[in-house]
Every structure is written in structure tokens, then in C-alpha cells.
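Read through the structure below, which is laid out as C-alpha cells, and then see the notes.
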Amino acid sequence: MLPKFRQVSAVAFVAAGLVSFPALAQAVTFDVPAQDVGSAVRQIAQQANVQIVVSGSVARGRRTRAIAGRMTVDQALAHMLADTGLTARSTGEGIYVIVAGRYGETAPTVPGEPGAGTSGPQPEIIVTGVRAAQREAAAEKQAATNTIETLHANDVGKLPDQNVAEAIKRLPGLSVANDQGEGRYAIIRGIDPGLLNVTLNGQTLPAPEPDGRQVKLDDLPSAMIQSVAVTKSLLPSQDANAIAGEVAIRTRTGFDSKKPFFLDGRASVGRYDLNGKSPYEIDGTVGGRFGAGEQFGAIVSVNYSRRPIESENFQGSTNYNGAGVPDGNGLRDYNLTRTRLGVVGNFDWRPSSDVKLYLKTSYSKFEDHETRDQNRLAVTAYTPTLKGTGTILVRHREENDNTKSATLGGEFSNLGGGTLELSANWTKAVKTDPIRSEFTFTAKKGALTLNYDPSTEPYTLVPTTAAFTDPSLTFSKVNFETRHAYEELWQGRADYTHPLALGDDSSIKVGFKVLDRHKADDRDRTNYTAGSTPWTIGNVAATGDTSFYGSQFTFGNRIDYDAARAYFLANPAVGKLDAAGSLSATLASDYDVREQIIAGYAMATLRIGALTLVPGVRVEHTRDRTKAKIVNAASTLNDGFNSFGAKSYTDAFPGLNARLDAARNLVLRGAVTTSIGRPNYSTLAPFVSVDTSNPALAAIALGNPDLKPYRARNYDLSIEYYPTAGAIFSAGFFHKDVDNPIYSAFRQGTNITAGGVTYAAATVTQPVNTDRETVSGVEFNLQTQFTSLPGFFGGFGVSANYTHVWGHATANAIRPGTIPLGYQSRDLGNVQLFFEKYGLSARLAFNYRSAYLDTLGGSAATDQYTDANGQLDLHVSYQVVPQVTVFGDAINLTDAPWRRYIGSKPYLVEREHYGAQLRGGVQVHF
């Protein structure tokens, strides 16, 4: 059971002051209207930058006097409470308790605060800032009937990091897959992010990218978000397509604020260490409640950011000879600009206590425009001397993503004695690449003598003579590509909860959901090789920043992409169309997938004494209809969809979550659940791609519309202790058995028929279901705030978690024995030291994950891994006045690189670093 002090109407605020000596005796300007005691306390605490606790229920039904003008805190409290029969007592530095009775009576104490331990009422504490968000998240986790982790925005609606992925990576058992130094995909307990379900305001989110089901969380600015809940053990009311779990994102509403009207804003500007450029961000939120009885709520939130990013990528090798010498290297300099726009508009109407209606809308836009310059060496001979060839490349890429969502719904209480929830949603994610193109200029084969030094990190491979300032490098190829992909969802759900006359607050819940998904990808690509007229790099060469990895390497000439494109279009004889390559690249990736899911469930929440049981079952019927294209000698660019697939299946997902309140603030949990993971769209598409450039052995690539979904059995056990508000000590164990995992299989045979054509001999690559995967792990979590310490030291706290995961796959059709699992970091850890008192808030956070497999090879020696990563970040803010806070961030202080290797750590595939990022800004809250 929850502790009784949760039922007490006590209010407290921790706010600003000086770091060591708050000037409580100095005059402060107050403006607090006459109102109920609870609301007045909130305002005076904010304006005076102190903590005030209302003890027990003494404030109920009492109203304060208005106060305005400049006075001390003691004078303000005395005047405000003059007619209430209450008095304020100071119980510590910057802490007041409001009690009933005459001045001089013993004031009650607050659990976990100075003076705790004496008898009397035990009030709840609600604080502002980081601590408020942590306490709210801890309370939600403690009260849950299943295993969850939560993250809440602070009292001014801000998450602690720049995007949703970056914020949730600090939760136990979570890590992220990065792109250009920013978190992009959430990874829970080392499970493929394509097996993770992501929802926004209770509705499934689509994925703009064409290749998988994983949702890009870096598209969502954190300023849009009120809370994020990560589910690790599913309830039957949740979608079963969540072997990794569920990330449930909720945007802010007008009813989330204590004040009837609020206006928040934030602006920041920074500096990237590597390129010296300045990212900036601005956002604003306005909203509140209005109408008779404040029955209407509305909020509009807008966020915009622009980040000019540079990263330096050292391209290693995926092929080392017997002596461990690589077959080349590349210096790749990325320069890109990322812009994000997020808009939320939420509207609520609560005409009575039994009816809640809402419309929740959102729009997010992500643009990534990138130029990648590259100097690359390829080894052509190892003996008697190391020989090689130099190549200069430039890639230009533009990516524009957007996601639009609208949800209409309502909650109706006292309907047949229960509560009915209805909602309908439309959402669409679109990815458009207006251009993706790369020019290549190459030197004569084997013209360079190379020196190799393995003692540096990364290794050094350089020519003995100039290679990348040579104006005679000759054009060899270019491509021009455009792409358009989208995923559109229509979904509706109904959930009905009815109380049960069993135990304490038991209930039964039933519901259904319908989801209709349409996913399509259309790519057009034209490839050219060198034409009849030679073209050397001289007229399009450009000199940029020559420093790379500090003084370790020198970057040579670059290609001016705009000049190269203009010259190529004006001189068509320099290129020759690669018709076969263009045809294959244009047709092979196109697909159209329609997926309909009809789901129904029934579950009970049985609270009998200290035991809570949540048994239930969910049934989902899935229907897939897929289209793709056949690419062979008979294909043309005008071909439409000419390969089709269809599949239907029905699954039942029983589950049981159990919770035992073993003692005060001690919770034991256990769960046995089942879930599903549907195949990626691109693997379901029945494409056929045949390459007959070797007439004796055709190379065939196939999709597989008959793939079975992953099916999993999940087991969770945990023990959680909540000694004080906001504090957690927990340990847990989890295990997953997964059937039908999907891997890409390779085989060679004779008389192979593909696309209606039989080939005498061919190699075939196709995704297939294999045997099974298992994942196990342990999680430990610690979060506490040292509020019992005196004075300055009472502002400190610590949060730390550690997860150890182990597992493997058995896929004898792929390779014998056990194989490692993709994305599975064996060790995950976070440590945060934070301080919040006297208006100062600071957080020093270190995030670590060990290496994980990202590309499965034919053997352990050819498996490719993303290396371990540890990043240190610092956030500091100071509340100048209750309405204004200034802040500063130092991100990636350790300049943690993104590094990949093949087989074992010394064999480098690539290493990319970003430098640190500094930013500062101001935040206002009214």
C-alpha cells in the first residue's frame, strides 16, 4: 500500500537563494493575491526562494490575505496568515513549516528533512526543479502495477537533455544508438530497437525511415515532452509488438500546471569545440485553464533548434592481411546542419467531473543537410613495399523528415458503474531525400608508396609523396539519388474499466484496438562512370581546413560539390550512364506494405491486502499485404509493382504481473509476459534482384513475405525500496526467450528460380527465420537526496544505475554454434551527482555502455562491433528570481569517440569524434 502521507494536503517548495548564505532576513518584493492557503504557499515560496511545508490538513478551507510590496519572508508569512489561525515556524535554514495553534508550539517535521524523527503529522513534500521531477518519477514507479521507469519534465516543463533519446539513456537498462554524436534510437536491455514500441499520447508512432520499424527519437525535441514512461513488463492493455518494451511519450496539457495560466520560454546559444560554430535553440509554451470552473484547457508549445555540426571520421578497414596490415584508410570530414522544429497544440474540455474530452496534436520536423569530404587510400600491393591508390570523394546529402499526429479522445466516468476511454488517431511520418550524391576522383592504381604505423590511435597510413594535392586525379564515377518514404497510421481504441467487489480497489478492464498501417518506399538513382572525355580534378578542387585529428593527419584537397555538379551537367561527355546499376538501384528498394492489426484484451487488477495481481490476455490478428519489384534482364525503369505477397496470423498473449507490498516502502515485483516482434517492412517486401554480370553464377537477393514474427516469453523479478520521497534502492533480474529470430542467409545452388526465371547456378541471399535467442540480465538502481544533511550539504544527491546483460542466438542456418546478439552491450551504467538548493541546480552525469555487435559476419573474426563509449556532461543553472533562470551546459567533456572494430578491438573499422559542446541560455517561467 502507498504510505498514508501521500493523502495529506501538504505543499513545499525549494527555490533560489545564495549558495551558502540565503538572505532570508533581507526584503523581497511579493505579489500574492488572497486565495486558499495551498496556492498562496506555492507562490510565496517561489517568490521568496524558500521551502515551505503545510503540515497535515490544517490548511483545508482556509484563505489567506493578499500581500504586495517589499518585506522580509517572516513579515510576509505573518501578514499572509494573520486571519487563518495558522502560524509559520522556521525548522532550518530556508525551511518553514505552517502549523495550527499559537506561536511557540512544536512544529512537526518532514521525513527526510532536518529535524525528522519527532512525532506528529507526516506531510508530503512537493519540491521544484530537478528534485520535483525525480520525486514524481519515483512515486509513479512505486505505484505502478508493472515494471516501469519514468522521466518527468521539471516544474517548467523541461527534460534534462536535448532530445528524447538523450534524456532516457540515463534510465536503468537503457542505452542509445548514436548518429553524429547524438542519441537516435533507444535500446532497452540490449534488444534491437526495431523491436521497441514507441507511443505518443497513447498512440503508436510511425517510423519515417524506410528500412526498419525503429522510431527516431532525435526527431522529438525534449521541450515538447511532459513525461516519458519506459515499460519493461507489458500489461495486456499495451500493444504486444514490444519485445524490447515500450517508450510512452506524453506531451504537456493545460491541466498539468498548478497555475491557471502559464508562460514559459527558453533560449540558448552554444559553441562546438571542433568547428567553432554556434548552435542555438529557442522554445516557448503558453497555456492554462479558463472558462467557468476552469473547465477548458489549452496549450501551445513551439521549439526550434539549429545545430551546425562537424565530425571527423577516420575510416579504417574491414580487411586486414595475415600480418594485421589494413587494406586502406580514409579521412572523412562531415559538415552538416541539423534543424528541428516541434509544435504541440493540446486542447481539453472537462464539462463535468465525469467527462474529459481532448484533442492532442503535434508536428515535428527534422532536416539534416550534410557534405562529407573524403581522402581515401586503398592498398594495392603489400610486398615488397606497400603500394596504394589515392581517391578524393565528396558526398552531398539532404534529408527532410516530418511527423504529424492528431488524437481525438475522451474519458467518461460513472458509465455503467465504470470508466470508458475512447480515442482515435491519425499520424504520418514522411522522409524525403531531395538529393544524395557522391563524386569520386581517383589516381592511377598503385602509384603511391605507403608508410604504415600501427602504434597510433587511430593507426597511421600515409603516402610518402603528395597524393591529395595532385591536380591530375581523374573523375571515375558519380551518382544522383532521390528518395521518398512514408508511414501512415490510422488507429482507434476503446478501453473500459469497471470496479470489482474484491479486496481493495480491484477492477477489471477490457478493450480493443484497430491499427491500419501503410508503409511505402520509392527510390530513384542514376549512376555514371567515366565517359569519353577525361576530366581531372583541377577545376573543381578546393582547399579547406587541412588539420584532421589535431596534428596527427593532414587533410588534402576537397571537391567543391556545387562546382562539380555544374561542370558535369554542362559537359555530358565526361560521364557514361551505368544503365544496369541505375536500374537495379532504382527498382530494388521500392516497396508498398499494408498491415492491419485488430486487437482485443481482458485483464484484472486484483488488490487483496498487500498483494496486487494483474492477470490478463491479449489477442492480436495481423494481416499483411506486400508489393515489390522484380529486377532482372527483362526489367525497365517504368516497371510498376510486379511481385506480391500476403500473410495473416493470429496470436494470443497471456501475461501476469504481480506486486507485493512486503513492508512500508518495500515492493516486490514479478512478471511473466508474452510479446511479438513483427518483421521489418523492407524484409517483408517480396523484391527480386538478380545480377548476371557473372554469367556462370547469378547473384540473387530476395525479400521474404512469408517471414514469421519474433515471439517472446519474458520474465521479470525485482525488489524496490523507497526510504524517503524521491529515493530508490532497487535490484532486478530479467530473462527473455525469443523464437523465430530473423537473419540474412546465404546459399549457393543450381536451377534456382527467381522472378519467374530459372538460373543454372546462383547464390541467393534472403532473410529467414532461425532457431532462438535468449537474453538475461540484472539491474541495480540507486537514487537518493541527502536532505537530512545540514545547510549547504542538504542540497546534494546521487543517482546511479548499472545493468549487466548476457545472451546469445542459435542460428544453425547462418553459422554453427552460438552467435552474439546485435545491440547487446553487456554493461550499462550511469552516475549522476546533483545539487539543488538556494536557487542553484547542478548535475554532473557520466553515461557508459560497453561494446555491442552491429554487423554479423560469417565468423567471429568478421563480426563488426560498435566500441564502448563513456560520456561526461555537466549542467548548471541558477534561479536569479523566481521567474528567471540562467543555465549552462558542457556536453561530451570527455570527447568520447564513436568507434567500430572488426573481430577484436585492435582491428579498427572507423573512429569518429565530435569534441565538446558548450551552451548557455536563459529560461523564463510565469
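The main-chain N or O of A896 is never found under 3.5 Å from a side-chain atom of H913 such that the two would form a donor-acceptor pair. Under a 3.5 Å cut-off, the side chain of R919 and the backbone N or O of I891 do not form any donor-acceptor pair. Side chain of R213 to backbone of R678: a donor-acceptor contact under 3.5 angstrom is found.
Not a single ring pair (Phe, Tyr, Trp, His ring centres under 6.0 Å) links H808 to another residue, sequence neighbours left out. Legend: residues meeting ring pair (Phe, Tyr, Trp, His ring centres under 6.0 Å) with Y802, ordered by chain and number and at least two apart, are absent. The ring pair (Phe, Tyr, Trp, His ring centres under 6.0 Å) check on F887 picks up nothing, with sequence neighbours excluded.
Side-chain contact, S675 with N714: a donor N or O sits under 3.5 Å from an acceptor N or O. Checked by atom type, the side-chain pair S776/H735 shows a donor-acceptor distance below 3.5 Å. For the 3.5 Å distance criterion, the side chains of N303 and E281 qualify, holding a donor opposite an acceptor. Counting only N and O atoms by type, the side chains of D854 and T866 include a donor and acceptor under 3.5 Å apart.
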Yes or no on side-chain hydrogen bond (donor to acceptor under 3.5 Å, both in side chains) for Y185 and D179, after CA distance, side-chain angles and deciding distance?
CA-CA 9 Å; Y185 305 117; D179 182 75; over 6 Å; no

Step by step, would you call N801 with N830 a side-chain hydrogen bond (donor to acceptor under 3.5 Å, both in side chains)?
CA-CA 5 Å; N801 58 71; N830 293 277; 3.1 Å; yes

Determine, step by step, whether Y848 and V831 satisfy the side chain to side chain contact (heavy atoms under 4.5 Å, CB included) criterion, reporting the C-alpha distance in whole Å, the side-chain angles of both residues, the deciding distance to 0.1 Å, and the verdict.
CA-CA 9 Å; Y848 173 81; V831 178; over 6 Å; no

Checking side-chain hydrogen bond (donor to acceptor under 3.5 Å, both in side chains) for the pair N201/T251: CA distance, chi angles, key distance, verdict?
CA-CA 7 Å; N201 296 319; T251 55; 3.1 Å; yes

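Taking every heavy atom of both residues into account, I148 and T150 meet most closely at CD1-CG2, 3.7 Å.
Taking 4.0 Å as the cut-off between side-chain N and carboxylate O, D218 and R184 count as a salt-bridged pair.
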